[in-house]
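Numbered from 1 within each chain, the chains take letters A, B, ... in sequence-line order.
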Amino acid sequence: MDVNKSVQENKALGAQAQKKYKDLAMNIIRKYGIFLIFIAMCIVLSMLSPSFLKIRNLTIVVRQISIIAIVAMGVTMVIITGGIDLASGSVIALVSVMTAKFAHPNTYPVFVPVLVGLAIGSFTGMISGTIVAKGKIPPFIATLGMMTAARGAALLISDGKPIGDFSKEFEYIGGGHFLNVPVPILILIGVIILTHILLSSTKFGKYIYAIGGNENAAVVSGVNVDKVKIMLFTYAGLLSALASIIMTSRISSGQPGAGQGFELDAIASAVIGGTSLNGGIGTIPGTIVGALIIGVLNNGFDLLGINPYWQPIVKGAIIVGAVLLDERKNRSK
Amino acid sequence: MDVNKSVQENKALGAQAQKKYKDLAMNIIRKYGIFLIFIAMCIVLSMLSPSFLKIRNLTIVVRQISIIAIVAMGVTMVIITGGIDLASGSVIALVSVMTAKFAHPNTYPVFVPVLVGLAIGSFTGMISGTIVAKGKIPPFIATLGMMTAARGAALLISDGKPIGDFSKEFEYIGGGHFLNVPVPILILIGVIILTHILLSSTKFGKYIYAIGGNENAAVVSGVNVDKVKIMLFTYAGLLSALASIIMTSRISSGQPGAGQGFELDAIASAVIGGTSLNGGIGTIPGTIVGALIIGVLNNGFDLLGINPYWQPIVKGAIIVGAVLLDERKNRSK
Amino acid sequence: APKAAEPAATPAAEPTKAPEKLKIGVAMSQFNDKWLSYMLDSMQEYSKGLTDVEVIYVDGKADVNTQLGQVETFIAQGCNAIVVNPVNTDATEPMTKAAKEAGVPLISVNRLFKNQDEATSYVGSESIKAGIMEMEYLAEKMGGKGNVAILVGDPGNEAAIKRTEGFKEVIKKYPDIKIVAEQIGMWQRDKGMSIMENWLQSDLKIDAVASNNDEMAIGALKAIEAAGKLGTILVGGVDATPDALEYMKAGKLNVTVFQDAAGQGVGAIKTAVAAAKGEKVEPIVWIPYELVKPEDVDKYIAKWQ
Amino acid sequence: MERENILVIENVSKAFPGVQALDNVQLKVGKGTVHALMGENGAGKSTLMKVLLGIYRPDSGTITFKGEKLEVQNIHQALQSGISMIHQELTNVPYMTVAENVYLGREPLYKSGLVKMKEMENNTRELLERLEIKINPRAKMKDLSIANMQMVEIAKAISFNADLIIMDEPTSAITDKEVEHLFKIIRGLKATGVSIIYITHKMDEVFKIADDVTVFRDGKFVGTEASANMTKDKLIEMMVGRELKNVFFKQPAEIGDVILSVKGLSREGEFENVSFDLRKGEILGISGLMGAGRTEVMECLFGITKATSGEIYINGKQVKIKSPRDSIKHKMALLTEDRKLTGCFLVLPVRDNMVMASINDYAKGFLLDKRGINRTCENEKGKLDIKTPSMDQRIKFLSGGNQQKVLISRWLLTHPDILILDEPTRGIDVGAKAEIHKLMSGLAAQGKAIIMISSELPEIMGMSDRILVMSEGKQIGILDREEATQEKIMKYATGMVN
Ligand SMILES: Nc1ncnc2c1ncn2[C@@H]1O[C@H](COP(=O)(O)OP(=O)(O)OP(=O)(O)O)[C@@H](O)[C@H]1O
Ligand SMILES: Nc1ncnc2c1ncn2[C@@H]1O[C@H](COP(=O)(O)OP(=O)(O)OP(=O)(O)O)[C@@H](O)[C@H]1O
Ligand SMILES: [Mg+2]
Ligand SMILES: [Mg+2]
C-alpha cells in the first residue's frame, strides 16, 4: 500500500513538473504572444528583403510609426477605461494648422508653437473628457462629435490650405537628429517610458484600470471617476498634439487634411497589442508592438513592391491573423 | 395612532399619484427622447428655410439616407450583441464594383448583378462573423481586417477604375419610381419592416438581445451563440450589399472608392438612435431616426448654404447635443 | 553638415554588383483615385517594356507622412531615381532634402512641388490652370454674369485646393458672377449628387456648377436631370474621364479639362530613367492641360480607346 | 439499502492553469432524492456541475446519467438530456422580460417563425403562479430585486421538467421566507421523482432538506453520508478538515463612545426616517426581509446615493457626505452586497482589487510603492487565508468565497473606524465564515464600530450587540442582544408591531 502510494506520488510529481513546464510555456506565449508574432514577421521580412534589417531602414520604420505610436498610447489608456477615442486624427489636423501659424521663422521662439499645439490638443481632450464624464455621453459619440468638429475647425482656421514656411528650430523637432538618432524617435522613447510608468506604476494608472474593470466598484472604492476621465482624455489629447507637432515639423507643413484615419490605426495598434475593448486590460508595451506590426507591414509592402491593390488584402488578413494567433486573446473571453 | 396612520397613508397615496405622472412624463421622454429632438430639429429647419418642409425635399432627404439607413440597421443589430461593424463602407465598394461588372446592358438579366452583389456582401459578412464567433476575435479587429481587405479587393477587381454603362432595368433600382415613390424609399421601407420584425419578434432577434445583454446567460440557456453571430454578420453584410446595389444603380457607376466613412455614419445613426455600445439595447426605429437626424442636418446645411468649414463643427455639436438631450442615454449608465 | 556625407555614401555603395538593374521608385499620392490610376497604368505599361529598369510602385494613401516615409524607404533601398506624385505640394521639403542628401534624383509628376527648384525635374501641368480653364469657359458661357456653386473635392487635398483657387481667381475678374454655394463632395459622385439635389430644393438660384472633378460633376448632372432641369444649369468638371466624355457627348456636361495621364506618366518614367543614368534632364517637362468642349469631344473619346 | 442512482460520477478530474479544481472525485445521486454537495470555497463544487452540464470538458473520468454514459458537448444537449441548473452567478439578461428570460433558448414559435410572445407570457405566469412566486412575467429583469431575479432563475430551472436539477447556492441571495418557499417547491419536485443536487454553505439547510450529503475538499472527494447519520460538527469537520468550535465567534468587546450618529435619514421612494447611534466596539446588526431597504440606507449613508433629508454625525461633528470619497476620508468602509456589480474588478489581478481603496497609502510620490503593495497583499492573503495561485491572478478566476475575502481585505486596508458590511458572508463556506466573524469580533475589540446587514437570522443574533430591524423602508425598532429572539425579529421585520 505504501509503495503504491509513493509510486503514485512520484507519478503525480512528475506530471506536476511536466505540467509546470507546460504552464510556463503557455504563460510565455500568453504574455508575449503578440511580441513573438512580431518577431516572426520580422524574420520573414528579412528573408524576403535584404534591405529590411538594415539599421537605416529600421530607423525609418520606427520614425514612421512614432506618430501613430504616440497617439496610440493615449488611445490605449482611453480604451482601458472602457472608452474609445475617435478624435485623435482630427485633433492632429487642428493642432497642425494652429501650430504652423506660430512656427514661421523670425516670429516666435520655437516653444511658442509647441506650447500652443499642446495646449490646443489638451483642450480638445478636456472637452471630450468633460462631455463623457459630466454629460454621461458614450465616449464613442463624444469623440465622434469632436472628430467632426475639430476637422471643421482645422479647415476653418487654415481656410482649407496648408500652412508652411517654418523656422529651422521648429523643423528640428521632426526632421533633426540628436547624437545621430532622429529626434522623433527620442521623443517616442521618452513618451513610452513616461506613459508606461504613468499607467503601470501610479495611482492615476491604477484608477484607469479600475474604471475599466468595474466603474461602479471604482466609485464605491472612492475613485473620483469623473476627474480621472477628464484628466485621461486631456492626456490623450496632449499626446495627439505632440504627434501632430512632430508630423507638422517633419513634413514642414500645417495640414488641415492631416491625420485622416489615424484614429483607426491607433485603435488597431492598441487592440492588436492586447488591449481589450471591454476595458480593464491593456499595456503600453503591447500597444507599441501593435504599432510596430502595422509599421513593419507597411514598410515591408513598400520594400517588396507588392501590388498595392493586394496590400490591403494581405494587411487585413495579417491583422486578423496576428490577433488570432495571439493566445492571450483566445483566453481572455 | 390609527388616524395618524391613515393620514400618512393618504399622503403616501398622493405622493404616489404625483410620482406616477412624473414617471409617465419621464417615460415618454425616455422612450421618445431622440424622436422629439428630431421633430424639434425639423421645426427649426422649416422656420429657417421654407423649402425644407416641401414633400419633394423630404422625399429627397429620405432617399438620400436610404443607403446609410439600410447599412445602419445591420450595424445596429451587430452593436446590440455588443459588437461593432467597421467593414460596411468597404463592403459597399466591393459589392459596387462586382455588381457593376454584371449590370451592363444586353448581358445578364437584372437579377444576376443583384444576386451577385447580395451574395458577395453576405459572404464577407459570413467571414467576419466566423472570425468573430469561431476565432474569438473582437469584432472590432475582425471587421477592421475585413474593412481593409474588402477595399483592396474592390481596387483589385476594378483595377482602381469606376465601372459604368448599366442596363435600364438595373438603373431602375436606384433611380426609378414606383407609383411616384422613388424605388430606394420603397426598398428602405421594406427593409425597415423586415428587420424590425426580425429583431423584435423572432427567435433570432431575441438571441441578439440576449447575447448583448449577457452572453453567459445566453450560453447557459443553450443558445448557439456562434451560429447567431455568424448569421447576424451575414445579414449585416447582406444589408450593406443591398445599400451598395442601390447606390451603384443610383449613380450609374461601380466605384472602388465608394462608401468611405459610411461605417462611422452608420454607427453614429445607431448610437444617436439609442443603441448602446455596451450591447443589449437598441431598436430599428431608433436607428432610423438617428439616420434621419444626420440626413436632415446635411440637407439643411445645403439648403441654408452654410459655410462648408462650419458645417462639421455644427454637425459635431449637434450629434453630441442630441445624445446629451436624449434622456434615455443619461439614464442608461 | 557632417551628416550629409554619411547617407550620401549609401547609393555609392549600392552599384557594386555590376549587372544589377536600375531601380526606380514611384511614390503615388494614392492609388484609390481614378485619374491617377490612368496615369499609373500608363507608367506600368511603359515600364514593362524596359528590360534594364525595375520600377517599384507604392501607395501614399493620401497621407503626407506615409509618403515621406516611402520616399525615405526608397532611398534606404538604394533606388537610382524617385518619382513622386506628391500628396501635398506644400509638404515636399523633407523629401527634396532627403533625396538631395542621398544624391538621388527626384522627379515630381502631375503636381508641382512648392520648392520645385530643389527637385530634379517636374513632369506635368499646373493644377491651378485646370480650375482657371474650366471656370473661364463657364464664365464665358454664362455671359459674364450669374450664380456659381462650387463642388470641392477632399479639402486639404492639393488638387482640390488649387482647382478651387483657380475658380475663384477667374470669378474675381467678373463682378457680376457670384459664388452662392460651396460644398465638400470628397471627389465622390454620390456626394455630388446628394448635394445638388439639396441645392435644387433650396431657394438658391444656380446658373452654373463648377466642380473640382468630373465625378462630382456627373453626380450633379444626374440630380439636375432627375429634377428635369437639364440644360438650365451649366456644369463643368476636370479630368475628361471616359464617363465624363459620354455625358458631354450626350449634351449634358458643358466642359471638362483633359489632363494627359499617359503623357505625364510615361514622361515621368522617361525622365527618371534618364536621370538615373546620369543624363541631363529638363527641370520642367510641361504636359499642358487641354480644354474639352462639346465640339471636340470625339477626339478625346478616341484617346481613351 | 438498494436504491436507484440517477447519476453516477466516477474519477472525474479537471485542471485549470495553475489549479487542480477536481481530482478524481465521485458523486452518486439517488433518484428522487436531494443530495447536498458541500465543501469550502474553491472545493470544486461548481466546477463539477459545469462539467456535468457540458460547459467544461473533464480531463478524465466517467459520468453515468439515467443508466447511460453521459456524453454532452454543450449545454443545449445537457438540457435536452434532462439536466438543468440554477447557476451560482445570476445568469439573466437584464433588458429582457421575465418571460423572455425563462424561455430563452426555447421560444415557442408560430408557423411564420415569429415568437409566440403571449404564450410565453401566459406559460410563465402559470409557472410562477404554480410556484407561488409573485412576479409579473412582463417586468424587465433589471427592475427586479436580486431576490426576485433568483426566484425567476429557480422557476426557469424547474420549467425544463428535468430529471435532475442542480441548484448551486440558490439561497445565497434570498431570505428565510423565500428559502421556505424554495424548500416547499423542492419537496414537491422530489415527490414527482425529480432528483436535486443542492449546493450550499448554510448548514441548517442541509439537515432540513437533504437526504444525502457529499463533501469535497480542495478538489478531492471526502465522503458521502445520509444526512440522517450526520451531525453539524461532523459535517464541518469533513469540510474543514479540523474541528471548528464556536460557529459565531462573538467576543465581548468594550463598548465605547458614540462614533456615528444618523438622524432622520430619508431618501424618497426608498426609505424614511432612519435614526441610530453606533458606538465604538459595537456590532450593530441590521435585519429585515428582502426589499426592506437596508442596502439603500447604507448606500446612502456611504454617499453612493443622495439623501433627501437627514443628518449624519461622526464623533459628534456633523459631516456632509457627497460621495464615497468623503466617507472613506471619514474612515468609513462599505463592503457592498453585490460582488459582481459593485465589488470586484473582474479582469484585474487580485493585488489591484485589494489595494484599490487604500492606494493613497502607497502613493507618497509620483510612483506607487509596489513593494509595499506586494508586502501588504501577501500579508492579507495569509491573514485571511485567501486561496489564489498568485497575486497576479484575475479575481474572476477565484471562487466566490475567496473573492469576498479579497474585498474584505480591500476595506480593512483603509483602516476604517466604521465598517459597514452588507451580507458579508453571503456565499462563504463555514470555515471562512467563522474566520470573518472572528475578524469582526477582533475589529470590534479594537474599538472599531461595525454595521452588519445580514439576511441570516442566526448570524444576526449570533454577532450583533444590537439589532436594527427594518420593514418596507421604515425603521421599526432597535433590539438589544438580550431581548432579541427569532420570533421578535420576524415580527418586527414583517411590520407586525403594536
Ligand atoms: N475558469 C477557471 N479558470 C481558472 N480557475 C478556475 C476556473 N473556474 C474555477 N477555477 C478554480 O477552480 C477551483 C474550484 O472552483 P469552484 O468554482 O468549482 O469552487 P466552488 O466549490 O464552487 O466554490 P464556492 O463555494 O466558492 O462557489 C477554484 O480554485 C477556482 O479558483
Ligand atoms: N434594480 C432595481 N430597480 C428598481 N427598484 C429596485 C431595484 N432593486 C431594488 N429595488 C427596490 O428597492 C427596495 C429595496 O431593495 P433591496 O432588495 O435591495 O432591499 P434590502 O433591504 O437591501 O434587501 P437585501 O439586503 O436583503 O437584498 C425594494 O423596494 C426593491 O423593490
Ligand atoms: Mg461555486
Ligand atoms: Mg440588500
Within the structure provided, determine whether [X] and [Y] are in side-chain contact (heavy-atom separation under 4.5 Å).
| X | Y | value |
| --- | --- | --- |
| B:D302 | C:S202 | no |
| C:Q183 | C:K191 | no |
| C:M135 | C:V148 | yes |
| B:P308 | C:V152 | no |
| C:E158 | C:P86 | no |
| C:W199 | B:L303 | no |
| B:I173 | B:I187 | yes |
| C:W187 | C:D239 | no |

For the student: nearest non-hydrogen atoms of C:M39 and C:S42, plus distance
O-OG, 2.7 Å

In short, B:G89 meets B:F262 closest at the heavy-atom pair CA-CB, 4.1 Å

Looking at C:L40, C:T241, C:D41, C:L36, which one has more heavy-atom pairs under 4.5 Å with chain B than the rest?
C:D41

Using a 4.5 angstrom heavy-atom cutoff, name the option from B:N299, B:L304, B:I60 with the most pairs to chain C.
B:N299

At under 4.5 Å between heavy atoms, what parts of residues 242-269 of chain C are in contact with chain B? List them by residue number.
C:D243

Determine which residues belonging to residues 209-233 of chain C lie within contact range of chain B, meaning some heavy atom pair is under 4.5 Å apart, and list them by number or answer 'none'.
C:E215, C:K222, C:A226, C:A227

Chain C neighbours within residues 146-163 of chain B, where any heavy atom lies under 4.5 Å away:
B:R151, B:L155, B:D159, B:G160, B:K161, B:P162

Heavy atom to heavy atom, less than 4.5 Å: which residues from residues 241-255 of chain B reach chain C?
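Listed by number: B:M247, B:R250, B:I251, B:S252, B:S253, B:Q255.
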
Under 4.5 Å from any heavy atom of chain C, what part of B:Y309 do you find: side chain, backbone, both or neither?
side chain

Which bit of B:N298 is near chain C, if near means a heavy-atom gap under 4.5 Å: side chain, backbone, both or neither?
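Contact with chain C: backbone only.
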
Cationic N near anionic O, under 4.0 Å, B:R63 to C:E197:
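Salt bridge present between B:R63 and C:E197.
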
Identify which part of C:L204 has an atom lying under 4.5 Å from any heavy atom of chain B, answering side chain, backbone, both or neither.
side chain

